[in-house]
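Presented below is the structure to which this report refers.
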Amino acid sequence: MIKAIAGTKDILPEEIRNWTLLEELVRKVMRAYNYEEIRTPVFEETRLFSRGIGESADIVSKEMYTFTDRSGTSVTLKPEMTASVARALLEHSLDKRQRLNKLFYISPMFRQERPQAGRLRQFHQFGAEALGSVNPTLDAEMILIAYGVLEKLGLKNLSIKINSLGVPSSREKYNTTLKNYLSSKFEYLSEESKKRFDTNVLRIFDSKKENDQKIMEDAPRLLEHLDDESLEHFEKVKQILLSAKVPFQVDSALVRGLDYYTHTTFEILSGSVGAQSALCGGGRYDLLVERLGGRNVPGVGFAAGIERILLACENEGVLEIQDKKIDLYIVRLDKDEKLEKKVFKLAQFFRASDISVEADYLSRSVKAQMREANKLNAKFVLMIGGEEYERGVTVLKSMETGEQKEIELSETEKIIGELQ
Ligand code: AMP
């Protein structure tokens, strides 16, 4: 039997309700902050990600789904959205139409990771990007949007970590300080961290190896070596979060995987999902657009993992799947072809008024049709056929109260009133 590829998942009808609830909530919150939706292709030229995200980032060096298409172009399934949004902004000169573009997305992403709980190869993110302003209010806004969605879902076990990566000049100076600190301990670092020493020394903070972590505990922190402008920016972000009464912790070891960050970085974690506890991550990327060969357009954004959020909801028992309900089930009392046509016509009539209707397609007995109506949680059942049909009436039964009403077949529009 052919199965779905490891690390990919079918989202079955019983799960869809939660997905749509979450997506609707995201759209509602984004509307409140005046973010507009953008959709970009699932695949892009590989160099968009290698240039934009940077070769030293894990998602570029180890995790991209890259292949050469029939025309010989190297293409990649998008591993994240920011580079694509920046490309679309430049390609369509959105930044020339308005100075600040506030955009959001809900989209599948692809990374060839080792599949495990909370780590998929095709997963879904929602996120936002604000392009065109260096204002720290927007950094804080990103955290408020993401946290707002998670809170509105009813999640409790959340924590927010923030840090600042400053600007390249102070970061470069600090990198030398960090390298000096590490040089005497170099031989004790893991192989991975030894490589990062040259490619992206800051990322050694991300190492999961116990020994690396011990070494990094006493390492000098970038936060203590920030220039004044970066400190001021960070201070403003913290002040806004404090005034919005959002709980957060400063974590000076939070460096995140991507090269393009400047100033604020943040993560929102959940204590309810096990080892892969980050639900959301983001930060400011004032250099990305320029790096893609574009104009100087500063930006800030975040991405949140939908599967992990829904897992947290399940584990905390929030966002209970509500029982699915249809409005009406039409029960056909006789197996007569004319009646079948009438049922279909009636169903179409109600559906045109946005009433959800089901009828029998399997020539079931009346008893089996009633059972099906119950299983589908129908609010009402309309019975058609028999002696009543000959009298020109039909019987409407409320499944909640058991009450039955005869309604003239010539007055079916009355039923619509009863159902609403
Ligand atoms: P990132 O783009 O790596 O900052 O990830 C942002 C969020 O996307 C994470 O906090 C996760 O919730 C989610 N995410 C990232 N990678 C995966 C993955 N392989 N499988 C499932 N969710 C993921």
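Counting starts at 1 for both ligands and their atoms, in listed order. All values below come from the heavy atoms of this structure, side chains included, with hydrogens, waters and symmetry mates left out.
- Judged by the 6.0 Å distance and 45° axis criteria, Lys236 is not positioned over the aromatic ring of Phe234.
- Across the listed options Gln116, Met81, Arg114, Arg308, Arg308 owns the non-hydrogen atom lying nearest to atom 11 (C) of ligand 1.
- Residue contact annotation: Glu80 has no non-hydrogen atom under 4.0 Å from ligand 1.
- Ligand 1 has no N or O atom lying under 3.5 Å from any N or O atom of Glu307, backbone or side chain.
- When the heavy-atom distances from atom 1 (P) of ligand 1 to Gln112, Arg111, Lys9, Met109 are ranked, the shortest goes to Arg111.
- Around atom CD of Glu36, no more than 12 heavy atoms belonging to other residues, nucleotides or ligands sit under 6.0 Å away.
- By the neighbour-count criterion of 12 heavy atoms within 6.0 Å, atom NZ of Lys238 is densely surrounded, having more than that number from other residues, nucleotides or ligands.
- Each of the atoms 7 (C), 8 (O), 12 (O), 13 (C) of ligand 1 lies under 4.0 Å from some heavy atom of Gly305.
- Ring geometry for Tyr261 against Tyr285 counts as perpendicular: the plane angle is over 60°, on a 0 to 90° scale with 30° as the lower cut.
- Of all the atoms in ligand 1, the ones that sit under 4.0 Å from a non-hydrogen atom of Ala303 are 6 (C), 7 (C).
- Close placement of the Phe186 and Phe197 rings is indicated, their centers lying within 6.0 Å of each other.
- Applying the 4.0 Å criterion to heavy atoms of Cys280 picks out, from ligand 1, the atoms 10 (O).
- Counting protein heavy atoms only, atom 8 (O) of ligand 1 is closest to Gln125 NE2, 3.0 Å.
- In this structure, atom 4 (O) of ligand 1 lies nearest to the protein heavy atom Arg256 NH2, 2.6 Å.
- For ligand 1 and Gly118, the ligand atoms under 4.0 Å from any heavy atom of the residue are 20 (N), 21 (C), 22 (N).
- Expressed to the nearest 0.5 Å, how far CZ of Arg119 lies from CD of Gln276 amounts to 4.0 Å.
- A donor-acceptor contact closer than 3.5 angstrom is absent between the side chains of Gln369 and Arg364.
- For atom 22 (N) of ligand 1, the nearest non-hydrogen atom from the set Phe302, Phe123, Phe126 belongs to Phe123.
- By the neighbour-count criterion of 12 heavy atoms within 6.0 Å, atom CZ of Phe43 is sparsely surrounded, having that number or fewer from other residues, nucleotides or ligands.
- The contact set between ligand 1 and Glu113, taken as ligand atoms under 4.0 Å from a residue heavy atom, comprises 16 (N), 17 (C), 18 (C), 19 (N).
- Atom CZ of Arg47 sits in a sparse spot, with 12 or fewer heavy atoms from other residues, nucleotides or ligands closer than 6.0 Å.
- Between Leu120 and ligand 1, at least one N/O pair is under 3.5 Å apart.
- Every atom of ligand 1 with a heavy atom of Ala278 under 4.0 Å away is listed here by number and element: 9 (C), 10 (O), 11 (C), 12 (O).
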